[in-house]
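These notes concern the structure reproduced below.
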Amino acid sequence: MFERLRGTRDFLPNEMAARKKVFSSIKKSVEEFGFFETDTPGIELFELYSIKSGEEIIDELYAFEDKGGRMISLRPELTPSVVRVLVSRAKELSFPVKWYSIPRLWRYERPQSGRLREFYQLNIDIFGSEDPRADTEVISCAIKLLCDLGFDESDIEVRISDRRMLQEFLLNLGITNYQDVLKKIDKREKISERDFKEMLAGISLDHTQINEIEEFLNSKGDFLKSIEGLSCAYQGEGISKVIFSLRKIAQSLNDRGYEKFITFDPSIVRGLDYYTGMVFEVHDRKREFRALFGGGRYDNLAELFGGEHIPAVGFGMGDAVLELMMRRKNIWPEEKVEIDLFIATIGDVEKEVSKLLTSLRNNNFKVDCDIMGRNLSNQIKFANKLGAKSLLIVGERDLNEGNVTLRDLESGKESKISLNGIISEPSKYLTKVL
RNA sequence: GCCGGGGUGGGGUAGCUUGGUUAUCCUAUGGGACUGUGGAUCCCAUGACUCGGGUUCAAAUCUCGGCCCCGGCCCCA
């Protein structure tokens, strides 16, 4: 016997049925926003990831050398692949490009709650537009797809910030090692206020600077109001440019009716890699789970990959945390397989069953029949396990009169109908599950 | 890589503190009662102590180590 690899999952038919429902709901929502589905290979050249990443991220790649001596990695995220495609095909694409994908990703990490080694992640991105409306569109899409899955503003919180604003603010304070400061800010939620201050002092900030930073970080709250507040408090040229675009995002999210979901939170930093502007995260309100979404603007990645300047904004949502949150709220779909009809047989009725199967399947019904030689009673039990909506009993005795028995397995009601009738007009007797 | 808690039939569990008959119960699976239908019920069967070393007359139980699972740290693209 073999065991599953650590951090991977098997999906049995009933589990798969539930996942399929969730995924198709997500796809539907995203496509309503005008995003088109794409896919890219599961393996890429190692350099695609090493070019922009630090040691620790490279350590967590599933990488190997192939027979041609190339270093290959399973994709740990989708964005580099999508940007690779975009850069190589930029000439033929008309912008803006709105793409989505639900790739399987692999990261060699220690599995924890909501974190696996192999998982799915919805990615949506808009390329080619620097306009705040692109940011708005992406955030709206995130909120809408969660609502379509059954969440509301009491479950989730979208926390928005902006990298440039934080950087400008720190520069105004005369802080030049802001990369270090960002790292500390990213940790602030996990540690006490005192430890936070000590950490900042540890990278040689003075009291005034530390207090200013604290005050700035505490300016979180209602998105639009916080932005208005900041625009009064901070007048620097760099900052006001950022504030202008944030205000547009905030206003437009309000106009779309999403203000209840949104919090402005300058402590959101999101790693350190390629984000260049607006950044956001989605959390459950109780903070029971890790972040459900992470995303933001990354306007420089295409250039970094040797292409032209292509502004970009997008996010990723892993399926692991989503499933945990949906189960907590009891909105994860029932794990149940379904078919339209099961045909149970008594005696030698092979010919009639063949006709039925062909006709019903040609009419797009999901139909199955006994191939185990079971007695009627056990066939009925099996039909229920398949989640059959209806049962058709085809027996020699009824057939002498040209009849078969149709039973609705939900209500238990049973009626005799003509064999030729159901063969020629199945829709008159049956309805489809989906 | 580090820290903590665990591993008993396919799934879920009792037993472990205090070592001692055939390892508990639920469920699942297969068959039967039932000769054309009780999605019921009952009966029968299948099937487990994570692996290895140690202590002991005797280990699921005590002990050490490996493996795996769960949770946390690091990291989180």
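Lettering of chains follows the sequences in order, A, B, ..., and the numbering in each one begins at 1. For clarity, every value in this text was computed on a predicted model and none was experimentally measured.
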Using the side-chain heavy atoms of R115(A), tell me which of these nucleotides is nearest: C75(B), G72(B), A77(B). C75(B)
Closest to the side chain of R290(A), out of G32(B), G72(B), U37(B), is G72(B)
Say you pick atom [atom1] in [N] and the same atom in [M]; how far apart are they, in whole Å?
{"N": "A59(B)", "M": "G30(B)", "atom1": "P", "result": "38 Å"}
{"N": "C74(B)", "M": "G4(B)", "atom1": "C1'", "result": "16 Å"}
{"N": "U46(B)", "M": "G7(B)", "atom1": "C1'", "result": "23 Å"}
{"N": "G11(B)", "M": "U22(B)", "atom1": "C1'", "result": "25 Å"}
{"N": "A23(B)", "M": "G9(B)", "atom1": "C1'", "result": "11 Å"}
{"N": "G10(B)", "M": "G53(B)", "atom1": "P", "result": "23 Å"}
{"N": "A28(B)", "M": "U35(B)", "atom1": "P", "result": "22 Å"}
{"N": "G52(B)", "M": "C67(B)", "atom1": "C1'", "result": "10 Å"}

Find the distance [X]:[atom1] to [N]:[atom2] and express it as a whole number of Å.
{"X": "I346(A)", "N": "G36(B)", "atom1": "CD1", "atom2": "P", "answer": "7 Å"}
{"X": "R163(A)", "N": "A77(B)", "atom1": "CZ", "atom2": "C1'", "answer": "11 Å"}
{"X": "R110(A)", "N": "C75(B)", "atom1": "CZ", "atom2": "C1'", "answer": "14 Å"}
{"X": "E47(A)", "N": "A77(B)", "atom1": "CD", "atom2": "C1'", "answer": "18 Å"}
{"X": "E77(A)", "N": "A77(B)", "atom1": "CD", "atom2": "P", "answer": "9 Å"}
{"X": "Q379(A)", "N": "G31(B)", "atom1": "CD", "atom2": "P", "answer": "11 Å"}
{"X": "F280(A)", "N": "A77(B)", "atom1": "CZ", "atom2": "P", "answer": "12 Å"}
{"X": "D319(A)", "N": "C76(B)", "atom1": "CG", "atom2": "C1'", "answer": "16 Å"}

Please figure out whether D398(A) or L5(A) has its closest RNA chain B nucleotide nearer the 5' end. D398(A)
Here's a test of your reading of the structure: between E109(A) and I380(A), which maps to the more 5' nucleotide of RNA chain B? I380(A)
Sub-3.5 Å donor-acceptor pair from the side chain of [X] to the main-chain atoms of [Y], do we have one?
{"X": "S129(A)", "Y": "A134(A)", "answer": "no"}
{"X": "D186(A)", "Y": "L182(A)", "answer": "no"}
{"X": "R75(A)", "Y": "P41(A)", "answer": "yes"}

One thing to verify: whether [Y] and [X] come together as a salt bridge, which I'm taking to mean a side-chain N less than 4.0 angstrom from a carboxylate O.
{"X": "K98(A)", "Y": "E137(A)", "answer": "yes"}
{"X": "E118(A)", "Y": "R9(A)", "answer": "no"}
{"X": "E157(A)", "Y": "K286(A)", "answer": "no"}

Whether [X] contacts [N] is assessed here as follows: a side-chain N or O lying under 4.0 Å from the phosphate OP1 or OP2. Is that the case?
{"X": "Q112(A)", "N": "G71(B)", "result": "no"}
{"X": "K187(A)", "N": "C74(B)", "result": "no"}
{"X": "K190(A)", "N": "C74(B)", "result": "yes"}
{"X": "R6(A)", "N": "C69(B)", "result": "yes"}
{"X": "R374(A)", "N": "G30(B)", "result": "yes"}
{"X": "T79(A)", "N": "A77(B)", "result": "no"}

Would you say the side chain of R270(A) and the base of A77(B) hold a donor-acceptor pair, judged only by whether the two atoms sit under 3.5 Å apart? no
Can you tell me whether the side chain of N375(A) and the base of G36(B) have a donor-acceptor pair closer than 3.5 Å? no
Using Watson-Crick or G-U wobble geometry with both distances under 3.5 Å, which nucleotide pairs with [N]?
{"N": "U56(B)", "value": "none"}
{"N": "C42(B)", "value": "G32(B)"}
{"N": "C25(B)", "value": "G12(B)"}
{"N": "U37(B)", "value": "none"}
{"N": "G7(B)", "value": "C67(B)"}

In terms of ring plane angle, is the pair [X] and [Y] parallel, tilted or perpendicular, where the classes change at 30° and 60°?
{"X": "F261(A)", "Y": "Y258(A)", "value": "perpendicular"}
{"X": "Y120(A)", "Y": "F23(A)", "value": "perpendicular"}
{"X": "Y62(A)", "Y": "Y108(A)", "value": "perpendicular"}

Nearest 0.5 Å, what's the CG-CG distance between L5(A) and L116(A)? 12.5 Å
Check nucleotides 42-46 of chain B for protein N or O atoms closer than 3.5 Å to its own N or O atoms and list the pairs.
none

So E410(A), base contact, sugar-phosphate only, or nothing? Heavy-atom distance under 4.0 Å. base
How is D408(A) classified with respect to the nucleic acid when contacts are heavy atoms under 4.0 Å: base, sugar-phosphate, or nothing? base
